[in-house]
Structure formats: structure tokens, C-alpha cells
Number of protein chains: 2
Amino acid sequence: MADLIYRKIINDIKNRIFDNEFQNNKLPDERSLSESYQVSRSTIKRALNILAQQGVVFKKRGSGTFVNPLYLKNQSLFQYEGNNLGVTDNISTAGQESTIKLLDYQVTPASAEIQQNLFLNENEFVYQIKRLRLIDGKPIIIETGYIPIKLAPELSPDTVRESIFNYIDDKEHKRVSKSFMSIMTEPSTKEDQELLNLSTNEPVGIMSGTFFLDDGTPFEFSTMRVHYQYLNYNTFINLNAD
Amino acid sequence: MADLIYRKIINDIKNRIFDNEFQNNKLPDERSLSESYQVSRSTIKRALNILAQQGVVFKKRGSGTFVNPLYLKNQSLFQYEGNNLGVTDNISTAGQESTIKLLDYQVTPASAEIQQNLFLNENEFVYQIKRLRLIDGKPIIIETGYIPIKLAPELSPDTVRESIFNYIDDKEHKRVSKSFMSIMTEPSTKEDQELLNLSTNEPVGIMSGTFFLDDGTPFEFSTMRVHYQYLNYNTFINLNAD
DNA sequence: AAGTGGTCTAGACCACCGT
DNA sequence: CGGTGGTCTAGACCACTTG
């Protein structure tokens with residue numbers, strides 16, 4: 001994985017940025033980099049394009065490639081890189097204790113909305129799994145998920161008390177790698193207030209959407225109602241995103 | 001702009017997908033596409049990579065390239081493509097009337113937090129601009145923005161009653177093309193409730209972050225408090241994002 | 001074994017920026 | 001004008017999937 005040339009160059013350039021190795025925040029031009037790394041210019045361009053996409057550097061035609069000053073000042077913000085999915089299944093808890101309480105587990109016919117979102121035909125069945133996620137004992141997220149039984153026929157209540165995505169990776173050799181999510185907010189319902197310890201004027205954040213396997217199969221439709229103090233979604237938007 | 005070969009191929013393939021031209025949702029292999037479009041395989045790969053990044057197709061090494069079924073079923077969701085920034089300045093109002101009410105306009109020394117976010121030195125000054133955005137007469141967003149005076153010395157109250165980004169594009173030939181934003185939610189404050197017509201238990205969505213110019217200069221630090229029924233942020237997450 | 005996407009090369013030519 | 005990044009080519013070789 002990490003033995004790809006362009007990945008090694010990306011990491012090396014990130015390190016050199018962090019070590020403040022570039023004067024005026026200006027990187028050497030692509031032809032020089034190609035020379036010094038002993039690779040083709042195309043490979044340098046590939047590495048720099050990815051760094052630009054991540055917001056680490058800015059490229060300006062005719063002038064050169066420059067370090068994003070914010071990457072130096074506030075590098076922690078950029079750690080979201082490639083880890084946004086973990087937010088949901090394997091909650092990124094930075095060392096804190098994450099536990100799951102199973103609230104509901106059943107198999108039902110897929111409703112029209114679920115059929116739509118999971119690309120199912122009529123008469124197909126799904127698991128309906130409702131879980132409460134706690135971090136350090138504090139309830140944070142009420143998560144309701146729907147998974148086609150045909151995609152994980154061996155699922156069990158014991159399994160869903162832990163990471164479902166890890167399970168299907170290990171046991172079914174399927175991997176979730178894409179998702180399409182909507183982020184919204186709403187006043188909390190009675191149930192939210194009870195489960196998440198909210199008062200009536202405190203809201204929930206809502207992340208709702210579909211998770212896909214590598215091959216494009218919709219795997220799960222999930223709605224997460226998040227304690228408002230714990231919803232913090234960071235995103236880097238790049239309009240030059242080809 | 002649109003006369004680039006890879007862009008034309010992207011558009012053409014999207015049209016062919018929409019016209020249901022591919023059997024089994026499977027695209028021709030890259031070598032055939034290269035032949036039929038009379039371009040190199042590299043250019044085909046470039047087009048397909050971008051489509052994969054956008055979630056329009058899925059590529060599977062060894063088997064082929066496939067249409068994302070959700071792209072067909074629910075194409076409207078994918079219209080977010082490359083238009084997320086517009087959410088903020090030029091609100092994407094789909095034909096509805098968007099107006100701005102100026103609440104506050106002054107020049108002040110940059111606070112420590114603003115200095116940090118806009119990469120300013122001490123003793124630098126910023127515009128502080130507070131605006132209420134209405135759509136079809138309904139108040140939707142309270143937006144507080146900070147812009148270094150040195151980046152837009154000619155700004156005036158009249159200007160900020162309209163799109164600031166359009167202004168600096170037209171007059172200063174600077175273009176905002178990137179942003180780093182956080183999305184959160186909070187109970188509404190008294191002021192939120194008054195300005196946005198909310199009751200006490202109704203929350204606001206918060207989008208807060210920095211907008212950058214093409215060359216990486218931080219241009220504006222902005223916090224938007226959004227009527228909860230109007231915050232809907234759609235995002236496609238791809239863990240294989242190189 | 002055949003088919004398919006992934007990585008990498010070496011180089012031509014173009015478009016934009018600054019001196 | 002020289003320097004810089006952007007686009008595109010033509011092809012070699014590798015890695016994975018499927019029959």
C-alpha cells in the first residue's frame with residue numbers, strides 16, 4: 001500500500017513541509033522535483049495534485065506551487081483526511097471508551113423508502129438495527145440502520161453489538177469505502193431527550209445516508225441522531241475539483 | 001473551459017449513463033473507450049477517475065467500471081457536485097428570490113481568533129460584516145464575516161448588501177475557490193429566535209470556517225447560523241480517495 | 001490464460017505569470 | 001521572454017478477477 005512511489009512522495013513532501021524546509025512557502029518546480037526524486041514529472045504531478053486536493057498546497061499556473069499556510073498553523077484540522085467514514089461505525093474516539101447498547105433488532109420487509117435507498121426489489125427483507133452509542137459512558141448517538149439480509153445472512157444480535165463494518169470485512173470480505181450522507185439538525189424528540197440526556201430546548205444533529213461497498217453495492221441505510229455537542233463535521237471544499 | 005477533451009468525455013459518459021446506454025450498468029473497458037473516443041488511454045483514465053471521485057461510477061480492478069445505481073435513481077442528489085461553495089455567498093436558491101439585510105458593518109482590530117484564522121499579524125484590521133439572508137422574504141441565515149481590509153480596501157456598505165465574492169471577482173480579480181468549514185448545531189439564542197422567527201426549542205445549524213482565494217490567501221472567516229429547516233449539507237465520502 | 005484497471009515513464013505542446 | 005503548471009499521448013509493465 002505505502003510502497004507506491006506517489007504515496008511515498010506525498011508523505012515525504014508533507015514531512016518536508018512540516019519541517020519548514022521550503023523558503024517562502026514555495027515548493028521547487030515540478031521539473032526539479034522530478035529530477036531530485038528521480039521519477040517522471042507525471043508522478044510528481046500526481047502527488048502534487050493529491051496534496052492540492054487535500055488542501056495541503058496550492059498550485060498557481062505560471063508561478064508555482066505553495067504551501068497552504070493554514071496547514072502549518074493548524075495541522076490538526078487536516079487530520080480529517082480520509083477518516084470521515086470512521087465517524088460512524090468505528091467512531092473515532094481518540095482513545096476514549098466507546099460502547100454500544102442494542103435497542104432493537106429485527107428483520108422486516110423493506111419499506112418503499114428503504115427499497116429506494118438500498119436499491120432493493122419489492123419483497124426483499126432487511127435487518128432493522130437500532131443502537132445507542134456511548135463514549136466514556138455518555139450517550140452520544142442514536143443510530144438506526146437498515147441492511148439487506150442477503151448481504152449479511154449471518155448477522156446476529158451479538159455481532160451488531162460491535163462494529164458491523166469490521167465484521168463484514170473480516171467474515172464476508174466486503175469493505176465499506178464510500179457513503180453519501182446528508183447533514184441536518186432538528187429539535188430533539190422525547191425519545192432523543194431520554195436516550196441522550198437532553199433538555200427540551202437542546203437539539204440533535206442528524207447524519208443520514210447510504211453506505212456503499214467497494215463495488216458500489218448499497219450496504220446500509222443509516223440515520224444517526226447525534227447529541228448536539230458532539231456533531232462536528234469538518235470539510236474541505238475545493239471548487240477546482242476537476 | 002469546456003473544450004478540454006477529458007471534460008467533454010466526462011459529460012458525454014454522463015449523458016450516456018442517463019440515456020441508459022450501458023448494459024448491466026457496465027461501461028466498456030478503458031482500452032475500448034480510448035479507441036472509440038480516439039484519445040489515449042490516459043485521458044480515458046482521467047475522465048473515469050473524476051467520475052469515480054464524484055460517485056457516478058465505481059471501478060473494480062480486474063472486472064471493469066460500473067455505473068453507481070444511485071446515480072440513476074436519484075440523480076438530483078448528485079447535483080451538489082462542485083456547487084457546495086455557492087451555498088454560502090451566492091446562495092443556491094433555485095430560482096427563488098434571495099435578499100440581504102445588512103445588520104452591522106464596521107472596521108475593527110482583528111481579535112486573536114480572527115488573526116489565527118485569517119493568518120494576520122497583530123494590529124491588522126478587518127471588516128466585521130453581519131448580514132441577514134432571506135429567501136422569498138423568509139429569514140434563513142445570520143451570517144457574521146470578517147475580511148482583512150488589505151484584501152478589499154474599497155469595500156462599502158452598499159457592496160456588502162450584495163455578493164461579496166462576485167464583487168472581488170469582478171473588481172479585484174480575485175476568486176474564492178476553496179474553504180474549510182465546520183458544521184455543528186446549537187440551541188437557538190434569543191437573537192436567533194428573533195431574527196430567524198424560531199421558537200425557543202428550535203435550533204440553528206452552524207457552518208463556520210475560512211474561505212480562501214485561488215492562491216491560498218485566507219479571504220474571509222465566516223460563521224453562519226442557519227434556520228434548522230434549511231441546513232441540509234450533502235456530501236459524498238470516498239475512502240479510496242487517493 | 002485472458003481481460004481489466006493501476007502505476008509509471010518520457011516527452012510534446014499549450015496557457016499563464018512575471019521580469 | 002523564460003519559468004511554471006496543465007493537457008495529452010503512446011506504451012511498458014504490474015495486480016487483480018474471472019472463467
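Chain naming here is simple, since letters A, B, ... match the order of the sequence lines and numbering starts at 1 in each.
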### Partners meeting side-chain hydrogen bond (donor to acceptor under 3.5 Å, both in side chains) with A:Thr159 (sequence neighbours left out)
A:Ser156
### Query
A:Glu21: what forms a salt bridge (Lys or Arg N to Asp or Glu O under 4.0 Å) with it, not counting sequence neighbours?
A:Arg16
### Message
Expressed as a whole number of angstroms, how long is the span from A:Leu4:CG to C:dG6:P?
### Response
12 Å
### Summary
By side-chain hydrogen bond (donor to acceptor under 3.5 Å, both in side chains), B:Asn232 pairs with (sequence neighbours left out) none
### Pairing residues for A:Asp29 by the side-chain hydrogen bond (donor to acceptor under 3.5 Å, both in side chains) criterion, not counting sequence neighbours
A:Ser32
### Query
5'-most contact on DNA chain C: B:Lys45 or B:Lys26, nearest heavy atom basis?
B:Lys26
### Task
Using side-chain hydrogen bond (donor to acceptor under 3.5 Å, both in side chains) as the criterion, list what pairs up with A:Gln106, not counting sequence neighbours.
A:Asp104
### Task
Give the rounded distance in Å between these two atoms: CZ of A:Arg46 and P of C:dG6.
9 Å
### Query
According to a 3.5 Å limit on both distances, what stems of 3 or more consecutive Watson-Crick or G-U pairs are formed with DNA chain D?
C:1-18 with D:1-18
### Query
Residues two or more places apart in sequence or in another chain: which of them pass salt bridge (Lys or Arg N to Asp or Glu O under 4.0 Å) with A:Arg161?
A:Asp158
## Note on the structure
Scoring nucleotides 9-19 of chain C by protein non-hydrogen atoms under 4.0 Å (B base, S sugar-phosphate only, - none) yields BB-BB-BBS--
### Summary
A:Phe66 CZ to D:dG5 P, in whole Å, measures 8 Å
### All side-chain contact (heavy atoms from CB on, under 4.5 Å) counterparts of B:Ser42, not counting sequence neighbours
B:Ser40
